[in-house]
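The structure appears below as structure tokens.
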Amino acid sequence: MSNNIKKIAVLTSGGDAPGMNAAIRSVVRTCAYHNVGCVGIYRGYQGMIEGDFKEMNARSVNNIINRGGTILKSARSTEFQTPEGREKAYKNLCDHDIDAFVVIGGDGSFTGAMLFSESYDFPVMGIPGTIDNDIYGTSFTLGYDTALNTVVEAIDKIRDTAISHNRLFFVEVMGRDAGHIALNTGLGAGAEEILIPEEDLGLDRLLESMERSRRSGKSSSIVVVAEGDKIGKNVFELKDYIEDNLPDYDVRVTVLGHIQRGGRPTCFDRVLASRMGVKAVESLLEGKTHYMVGLVKDKIVLTPLDQAVKGKSKIDRELLRVSDIMTT
Ligand code: F6P
């Protein structure tokens with residue numbers, strides 16, 4: 001690997017996700033392995049604008065592989081949306097002799113990197129870090145597997161009390177506009193219904209499903225609702241709707257919220273992060289730029305960043321069919 005890249009920066013941007021620390025660790029250690037300098041940038045692009053940088057070495061990332069969150073913190077930067085902000089960022093990178101950067105984040109973070117490259121010819125590599133798993137070019141984004149396990153564990157706990165009180169629970173999960181978390185955790189936790197933005201089941205279908213559950217002798221039910229679901233009502237309105245139409249249901253709501261963003265990353269996420277960090281740094285050292293590393297058929301591959309940003313990860317129709325059958 002030889003080109004004129006002598007120092008690489010790494011930053012985390014957008015919503016944090018478990019596994020980001022493992023990815024930071026991998027980028028820093030791969031730089032050290034190849035005798036390339038590494039700089040951590042705090043608070044994403046806002047820290048790039050403010051020059052909030054810290055030299056990193058192999059020891060700087062001790063004992064973080066098992067920690068949720070990101071030691072570099074994360075932020076969303078409106079200033080980076082301005083040419084002036086991006087100019088300040090570019091100047092800081094040059095002043096610190098940084099030759100390339102790795103951004104760990106979601107599609108918004110990659111859009112920022114594309115915007116930056118419209119003004120500055122600067123090598124960049126993306127690592128998909130978001131619990132939403134909504135990025136084209138990878139079957140798993142960092143944090144997704146951990147979030148799935150966090151949510152399934154939470155729903156299992158909710159089911160205990162639902163059974164004890166013969167209740168119907170609406171459980172809202174994250175995912176922004178994607179239903180991956182809802183679909184997989186609904187299936188994994190044995191939910192009676194799963195509402196996702198990709199499949200508008202409609203309120204009538206929900207009523208029928210709840211009546212069918214009741215008739216089949218189920219004394220309690222769990223309905224997992226993706227926060228981006230388009231059924232037209234939020235989970236609290238769904239509760240009211242069911243109570244108005246099926247008065248014998250005792251209904252409660254749980255919004256899992258940001259608990260889904262925390263927690264110790266699973267082994268899967270730690271290994272994925274380690275693989276992605278190596279690929280990102282070594283691709284830069286091979287002279288490649290403007291790609292996102294991703295997991296496709298268990299191989300770590302590169303997808304052009306503009307495709308990763310424009311594309312959308314599709315919901316697995318086979319999984320939808322399985323979940324339908326499981327609610328029999
Ligand atoms: O993109 C990750 C995510 O957790 C989404 O699932 C959620 O809608 C959003 O971030 C919440 O953003 P914030 O942390 O800014 O409230």
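Whatever order the structure lists ligands and atoms in, that order sets their numbers, starting from 1. Throughout, residue positions are numbered sequentially from 1 according to the sequence presented.
The aromatic rings of Y144 and H180 sit perpendicular, their planes meeting at an angle over 60°, well past the 30° parallel limit. The aromatic rings of F268 and F140 sit tilted, their planes meeting at an angle between 30° and 60°.
Applying the side chain to side chain donor-acceptor pair (under 3.5 Å) rule to S109 yields the partners S13; only residues at least two apart in sequence or on another chain are considered.
Within a 6.0 Å radius of CD in E237, more than 12 heavy atoms belonging to other residues, nucleotides or ligands are found.
Note on E199 versus R317: salt bridge recorded, some NZ/NE/NH1/NH2 to OD/OE distance being below 4.0 Å.
In this structure, F170 has its ring center no closer than 6.0 Å to that of F236.
Ligand 1 is surrounded by R76, T130, I131, D132, M174, G175, R176, E227, H258, R261, each with at least one heavy atom closer than 4.0 Å.
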